[in-house]
Every structure is written in structure tokens, then in C-alpha cells.
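Sequence positions, counted from 1, serve as the residue numbers for this chain.
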Amino acid sequence: MADLTTLLEVGGPVAALGGGAAYTRARHPGVYWSTVGMPLSAARLIGTYGSVMEACGLTVSPSRLRIVAARATRGEARPVPPRRGLIRPTTTGLRLRIRLAPGQETADIAASAERLRHAWGVHAVYVTTVKPGVVELRLVGFDVLRRVRMPRRMAGGLLKVPVALRQDATPFVRDYRAVPHQLTLGATLSGKSMYLRHLVTGLAPQPVALVGIDCKRGVELAPFAPRLSALATDPEQAAELLPVLIREMEDRYDLIKARQGIAPSTPAETITSDIWGLPEGDRPAPIVLFVDEVAELFLVATKKDEERRDEMVTQLIRLAQLGRAAGIYLEICGQRFGAELGKGATMLRAQLTGRVCHRVNDEGSAKMALGDIAPEAVLAACAIAPELPGLAVAGDTSGGWSRIRTPYLSLGEAAEVCRESAHLVPDLPALKPFRPAVPVQPVESPAPALRPRPVAD
């Protein structure tokens with residue numbers, strides 16, 4: 001009886017501790033990783049590094065010096081694993097650099113990433129090349145895309161927007177100067193609008209002109225009207241706005257051409273072929289064009305609409321082909337995008353370097369977005385569950401891709417950011433006729449002052 005009482009006294013706190021750890025791991029994985037998961041995984045990695053590398057076939061034969069030294073001590077010359085650097089803990093995992101052994105390459109380590117994940121008890125292992133002969137292993141301790149928490153320190157800058165979190169716990173930065181144009185697809189409630197909100201709020205505090213084409217009567221972009229330089233809410237207005245952007249692009253090319261009046265005494269650093277080589281005082285503000293529901297620009301009902309459609313699509317293609325040097329960037333969004341939209345759809349897609357595909361309703365849209373990047377990216381996009389809004393597959397025409405997820409941002413918060421930065425709207429005279437009307441905020445009248453009442457008996 002005494003033994004049973006002692007067992008209950010000891011087992012109660014242990015069970016409570018185990019239950020608390022399980023609850024923390026499920027509800028607060030970051031806290032669990034920092035307190036329990038990271039020490040266990042680091043100890044497991046240090047203790048089993050050599051044996052795990054040998055089991056994964058990542059060791060090489062020992063050198064002759066090692067063999068001679070082993071024979072002198074009557075020991076066994078074991079295969080040599082890649083040399084390991086210091087283990088650096090992070091809030092989401094561990095980082096470890098490895099110097100490859102002679103004859104190894106990064107693909108050898110990447111092929112064993114799944115084995116390393118199970119051996120060291122982490123959620124995922126990602127391999128990147130640091131420099132020739134050195135790779136970095138990023139061990140992620142838990143699913144960072146289940147509850148997105150953006151890093152506190154993120155590299156930003158002009159036309160750079162940290163918009164989502166990658167599956168390896170690094171921020172996904174939308175860099176318009178590196179990837180000028182992008183195609184973003186997503187079905188209803190897939191998180192495409194949330195992605196668009198982060199782009200607008202990230203660009204709002206920057207000296208950038210924001211132009212919108214929203215054929216859903218402006219319901220997506222109208223809340224950002226204080227910060228927009230122009231807004232078209234139907235195909236008719238879009239047909240008037242796009243030629244203005246084409247003329248603006250041509251005027252900027254004339255400005256660059258005038259700067260290129262190259263004389264023999266002209267310094268080489270002043271010769272430019274885009275607006276970024278112009279002096280800061282002469283450089284026009286960059287323009288980012290958001291096109292929401294691009295399929296509405298392709299749909300036609302009459303012969304007259306067909307002519308207007310062909311003209312608008314041609315102008316979009318011209319902006320995608322020539323706009324980068326003039327500082328004009330495109331963000332094409334839609335629920336569906338395919339060759340059946342009509343003439344020019346495939347040609348427009350070919351000019352959009354970046355691709356982001358949320359959950360879509362058909363495999364054809366995923367293939368249109370990612371099929372020319374990597375077949376496995378199409379499969380990953382088709383496997384996105386409806387219960388995970390904001391989850392997407394991001395890639396570019398270089399062939400690289402990864403899973404990302406956008407954190408939640410309410411429409412009210414995004415609209416407030418645009419209202420606070422309304423004074424940063426650049427002065428572009430050509431776009432003033434398309435400037436959206438900003439509703440006047442009602443001023444709350446102060447409460448009436450209380451008059452003193454006479455004292456009565």
C-alpha cells in the first residue's frame with residue numbers, strides 16, 4: 001500500500017508535466033521547441049551525427065594518415081563524415097553548416113534530407129549552398145505554416161515587400177526589381193485577397209504609385225483608394241486607363257533617351273537604359289499596376305467587346321514586355337487563367353516571371369501557373385486543402401519553388417495603413433483623371449457640455 005501511495009505521489013506530477021508538454025506542443029509549438037524540442041534535437045544531432053551520416057551514405061573513405069594512425073593504436077579506421085560546424089539555434093529550428101567531403105555535392109545531402117529529418121526528430125530539413133564546398137542545413141522544428149508568425153527582422157527596401165513565410169521559416173519577399181511581373185492565382189477563399197492586401201500595405205509607405213484595375217466594381221481595391229493614384233472598376237474604365245499607362249511608359253523612354261545623348265566626355269556611370277540610372281531628382285516614381293480578376297478583361301459578349309478585349313490584352317502585353325525599364329510593374333491576379341480565355345493569354349503569361357498559385361478549382365489553372373516551372377510544383381498546388389487559406393506555392397521561371405503562407409491581415413487594418421500614407425501619393429498628372437474619390441471621414445461631434453444645474457432645496 002505504501003509503494004502504491006509513493007507511486008501515485010511521483011506519477012501525478014510526471015503525468016501533469018507530460019500533459020502540459022503535449023498541450024504546449026499542440027497549441028504553442030514555438031514555446032515547446034524553445035524549451036524542450038531544441039535541446040533534445042541538438043543532443044540527438046551531436047550524439048548521432050557520425051552514425052547517421054554513415055547510414056545515409058554520406059561518408060567517405062578515411063585518408064591514409066587516418067588508416068596509419070588507427071593501425072598504430074590497434075583501432076578501426078572508420079569512414080569519415082563531412083566536417084560539421086557549430087550548431088546555431090533559432091526560434092524555429094537549428095542551423096548547421098557542413099563542409100562537403102571530396103567528391104560530394106549539394107544534391108547528395110539534399111537527397112538524404114528526409115532521412116536526416118527522421119533521424120534527428122525535426123519537422124523538416126532544407127539544404128542550401130553557401131559557397132563551393134559548404135552547405136547549410138536548416139532544421140525546422142515544427143510546422144511554421146500552421147500558424148504563421150513573421151520574423152521580427154526582415155530585409156526590406158524600395159519595392160521589396162515581405163509578404164509571406166516560407167516553409168523553411170524564412171520570409172518570402174516580393175522584390176519587384178528582381179521579379180518585375182507576377183501572376184497570382186487563387187480560387188474563392190483561397191487567400192489571394194489576403195496576399196494582395198499585404199502587397200498594397202507593404203508598398204503604401206514607399207514612394208511608389210499604385211494603380212488598380214478591379215473589375216468587381218472595385219470591392220477589392222476600393223478600400224485602398226486614399227493611396228491609389230488611379231483605379232478602374234470595370235472593363236470600360238480599364239480600356240481608358242491602359243492607353244494612359246502606355247503613353248506614360250513612352251514618355252519615360254523619351255526621358256531615358258534624352259539622358260543618353262552620349263558625348264565623348266560623358267562619364268560611363270551616367271549612361272543608363274532604365275529609370276534607375278537617372279539622377280534621383282529626375283527619376284519618375286515607379287508604378288505598380290494591380291489587375292484583379294484578369295479574366296474579366298478577356299471575356300466578351302459582342303463584337304465590339306471583342307475589339308476592346310484585343311486592344312486591352314495587347315496593351316497589357318506591351319506593358320509586361322517593355323514596362324520594367326520604365327519602372328512599371330504588373331501584378332496580375334485572378335481565380336482562373338488558361339489558354340481558353342482567348343488570344344494573348346499564353347503570351348501574357350510568358351512575360352510574367354513570378355508565379356504564386358493558391359488553391360485552385362482545376363488542375364489546368366495550376367498547370368498554367370506552374371507547369372512551365374516544375375511538375376512537382378503543380379502537384380503541390382493541387383494538394384492544398386481548403387482548411388488552409390493563405391497557403392500557396394510560389395516560384396519563378398528559374399525553376400525554383402516553395403510553399404508559402406500569408407499571415408492574416410484584416411481589411412480594416414490594410415485600409416488604415418493606406419489612409420495614413422495618403423500623403424505619399426506621387427504627383428503623376430497623366431493619372432489624375434483616374435484618381436478614385438476618397439470618401440470624407442465623418443467627424444464625430446463632441447459631446448455636449450453639461451450645464452451646471454442650480455441647487456434646489
Checklist line | N-O pairing of Glu114 and Arg117 below 4.0 Å | finding: yes

Check: Does the distance from a Lys or Arg side-chain N to an Asp or Glu carboxylate O, for Glu250 and Arg318, drop under 4.0 Å?
Finding: yes

Under 3.5 Å: donor-acceptor pair, side chain of [X], backbone of [Y]:
X      : Y      : answer
Arg349 : Met368 : yes
Arg405 : Arg146 : yes
Thr48  : Arg44  : yes
His181 : Leu348 : no

Check: With sequence neighbours left out, what residues match Phe224 under ring-ring contact (aromatic ring centres under 6.0 Å, His included)?
Finding: none

Next item on the list: Indicate yes or no: at least one non-hydrogen side-chain atom of Trp33 is less than 4.5 angstrom from one of Thr92.
Entry: no

Notebook entry, point to check: Side chains of Arg227 and Val200: does their closest heavy-atom pair fall under 4.5 Å?
Noted result: no

Item checked: For Asp274, the option from Lys257, Arg283, Arg324, Arg252 that meets salt bridge (Lys or Arg N to Asp or Glu O under 4.0 Å) -> Arg324

Notebook entry, point to check: Would you say Arg88 has more than 12 foreign heavy atoms packed within less than 6.0 Å of its CZ?
Noted result: yes

How far does [atom1] of [X] sit from [atom2] of [Y], to the nearest 0.5 angstrom?
X      : Y      : atom1 : atom2 : answer
Ile384 : Ser190 : CD1   : OG    : 8.0 Å
Ile98  : Leu58  : CD1   : CG    : 8.0 Å
Glu420 : Thr201 : CD    : OG1   : 11.5 Å

